[in-house]
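Inspection log for the structure reproduced underneath, given as structure tokens.
A, B, ... follow the sequence lines: proteins, then strands. Residue 1 opens every chain.
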Amino acid sequence: MAEEEKQSVRETAAPWEPNVVGFLCNWCSYAGADLAGTSRIPYACNVRVIRVPCSSRVDPLMILRAFREGADGVLVSGCHPGDCHYIEGNYYARRKLIALKQLLDHVGLDPRRFRVSWVSASEGRKWAKVVETVTRDLLEAGPFHYEENGDDQGRAPGRG
Amino acid sequence: MATIKEELRAAVKKLFDEDRIDYFVGYVEDYGHTFPAILAKGSDLSRLTFDRKSYNNLADFLPELRGSRVGLVCKQCEVRTLNVLAAEGQIERDKLVVVGVPCPAMVDPRKLPADEAGLDDLDESYWQEKCRRCLERNTPFADVFVGERASTPTPAEGWPLLQEVEAMSAEERLAWWREQMSLCIRCYACRLACPLCYCHQCFVEDNKPQWLDKSVRPENNLHYHIIRAIHLAGRCIECQECSRVCPVGIPVDVLNNVLARDFAERFGYLAGETAEAKPALTHYERDDKEDFIL
């Protein structure tokens, strides 16, 4: 096993593990993540995957909702530009996600909490790397408290 | 500006007499104020006016008057709004009679001196912020023109408040927005006054799924304002109506300004510049600049 892969796996679990919600397109990134698994590439297990038909299916509402429900980070991943199963979906997604990114950066959200990546069906290794990067950054950034006096899950006080 | 009022009244009277319109959307003066009004046939036209306090964006009334033949006082704010509405198929141009007026730059009532006598001579410091950034004071298209052509303005660079907020660190910005959002009472006046918020059902009223808590918490409020800004991305023409009508004085338009500036820099797109340009989010270029994608 390559040296870099050994390093990428943390030997002991950190006292706190980030919760990442990943929106993966069915045709590329989901298959890429699948390939990472069948290739037995070890990588962090912090991303909770939600499969969507296309990265352009991801509405900014869903991303904010994920943060609202206690995610520490959100990752949207789709086909590389030009590779979209629906020809042009990810081009539209890109503009929409750029707009959201601008706003989240403007209101002072840590840029490490919202990430977008292009991972193709053959890029199992890239998927593992992306997840490692996102997880490592979030371990540094720490838990996300959406509400000022919310609980550890970032939920509002008095909320399930 | 007695002449422009008279010209306007005569023009509108003619439109009604010739039976070209069912309604006229314009400004009327009463009780010392200028405010927008929808005038039906047979209304008293003697209060119709256009002065430096005609700052409302009248295009806000158009979607609900859809189906009728409507005349509209049109200054630069409305011009750009009409272009966006036309590109989105929200207005029927053949049922719309545009009365073009040169805009003298509107004054901000919050900045007005107690004595309003010299309203026409007030300098830039009394203007609405949007008027200092205006690119053109004349209406490029109109069915009827009234008034004399105004001179081309020299627009100011950038929005002062946006620059102020952007000079802060990320933590300070978050604290500043949290502070602003803690004031919001979610009366949705911003949504109501916005000429481009014309959805019959807004996402905040959705129940299944419920995207947003109804409770007025700073975080919910920020959630609402971010999504509203996203829905206006590449559409907002920065008329600042949302901020002007806010009863608690939140500068809501700062979020829209962020996106408008970014879309101009990134995609070379200025909302409402023409009626032909495709809205920025329904269109893409293969080489759109992506600088944060892994």
Side-chain angles (χ1 to χ4, degrees), chain A residues 55-56 59-65 67-68 75-78 80-82 84 88-112 114-119 126-127 129-131 133-134 137 145-150 154-159, chain B residues 162 165-166 168-178 180-182 203-204 206 209-213 215 217-220 222-234 254-259 261-263 266-267 269 280-294:
Chain A
S55 47
S56 64
D59 191 298
L61 273 170
M62 298 176 180
I63 295 165
L64 292 197
R65 179 74 179 268
F67 281 122
R68 201 81 188 85
L75 170 66
V76 179
S77 191
H80 285 272
C84 181
E88 52 184 14
N90 53 3
Y91 286 119
Y92 292 116
R94 182 164 64 181
R95 284 204 166 187
K96 202 159 48 179
L97 295 172
I98 282 172
L100 180 66
K101 179 75 176 172
Q102 293 295 325
L103 281 180
L104 293 181
D105 283 359
H106 174 81
V107 300
L109 183 91
D110 192 325
R112 292 173 290 192
F114 171 52
R115 305 299 274 271
V116 179
S117 67
W118 306 135
V119 173
K126 179 174 178 187
W127 170 252
K129 212 173 132 210
V130 165
V131 173
T133 312
V134 170
D137 285 355
H145 293 291
Y146 203 87
E147 306 257 343
E148 228 158 354
N149 44 3
R155 292 190 202 100
R159 232 180 106 113
Chain B
L162 177 60
V165 176
E166 287 192 327
M168 301 178 193
S169 69
E171 290 78 28
E172 285 169 339
R173 278 204 303 275
L174 190 59
W176 187 81
W177 276 112
R178 213 185 262 283
Q180 296 292 332
M181 289 303 155
S182 68
F203 76 96
V204 296
D206 280 350
Q210 189 187 44
W211 292 109
L212 186 57
D213 273 1
S215 57
R217 314 176 67 85
E219 288 75 14
N220 289 340
L222 185 60
H223 193 146
Y224 159 65
H225 286 287
I226 287 179
I227 295 294
R228 204 182 86 87
I230 289 276
H231 287 177
L232 287 168
V254 170
L255 292 172
N256 299 321
N257 298 343
V258 171
L259 287 185
R261 186 195 52 196
D262 189 61
F263 275 44
R266 206 180 277 269
F267 310 132
Y269 186 86
L281 286 186
T282 67
H283 175 67
Y284 65 87
E285 296 293 337
R286 282 176 189 281
D287 52 355
D288 279 338
K289 194 172 141 213
E290 47 168 72
D291 39 19
F292 72 103
I293 297 174
L294 288 171

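There is no contact between A:Val119 and chain B, counting heavy-atom distances below 4.5 Å. Using a 4.5 Å cut-off between heavy atoms, B:Ile293 touches chain A through backbone and side chain atoms alike. Heavy-atom distances place both the backbone and the side chain of B:Ala280 under 4.5 Å from chain A. For B:Gln210, the part lying near chain A is the backbone, with the side chain staying farther off; criterion is any non-hydrogen pair under 4.5 Å. Neither the backbone nor the side chain of A:Asp110 comes within contact range of chain B, judged by heavy atoms closer than 4.5 Å. With a threshold of 4.5 angstrom between heavy atoms, B:Ser215 does not approach chain A through any atom at all. A:Pro81 touches chain B through its side chain: at least one heavy atom from C-beta onward sits under 4.5 Å away, while N, CA, C and O do not. Looking at B:Leu162, the atoms closer than 4.5 Å to chain A (heavy atoms on both sides) all sit in the side chain, from C-beta outward. In this structure, chain B has no heavy atom under 4.5 Å from any part of A:Lys129.
No salt bridge links B:Arg173 with B:Glu166; every basic N to acidic carboxylate O contact stays at or beyond 4.0 Å.
Here B:Phe267 and B:His283 keep their ring centres 6.0 angstrom or further from each other.
Between A:His106 and B:Trp177, the side chains place a donor N or O and an acceptor N or O closer than 3.5 Å (distance only, hydrogens not considered).
Put simply, the residue from B:Asp287, B:Asp291, B:Asp288 that forms a salt bridge (charged side-chain N to carboxylate O under 4.0 Å, His left out) with B:Arg266 is B:Asp291.
Geometric assessment of A:Arg94 against the ring of B:Tyr284 yields a negative cation-pi assignment under the 6.0 Å and 45° thresholds.
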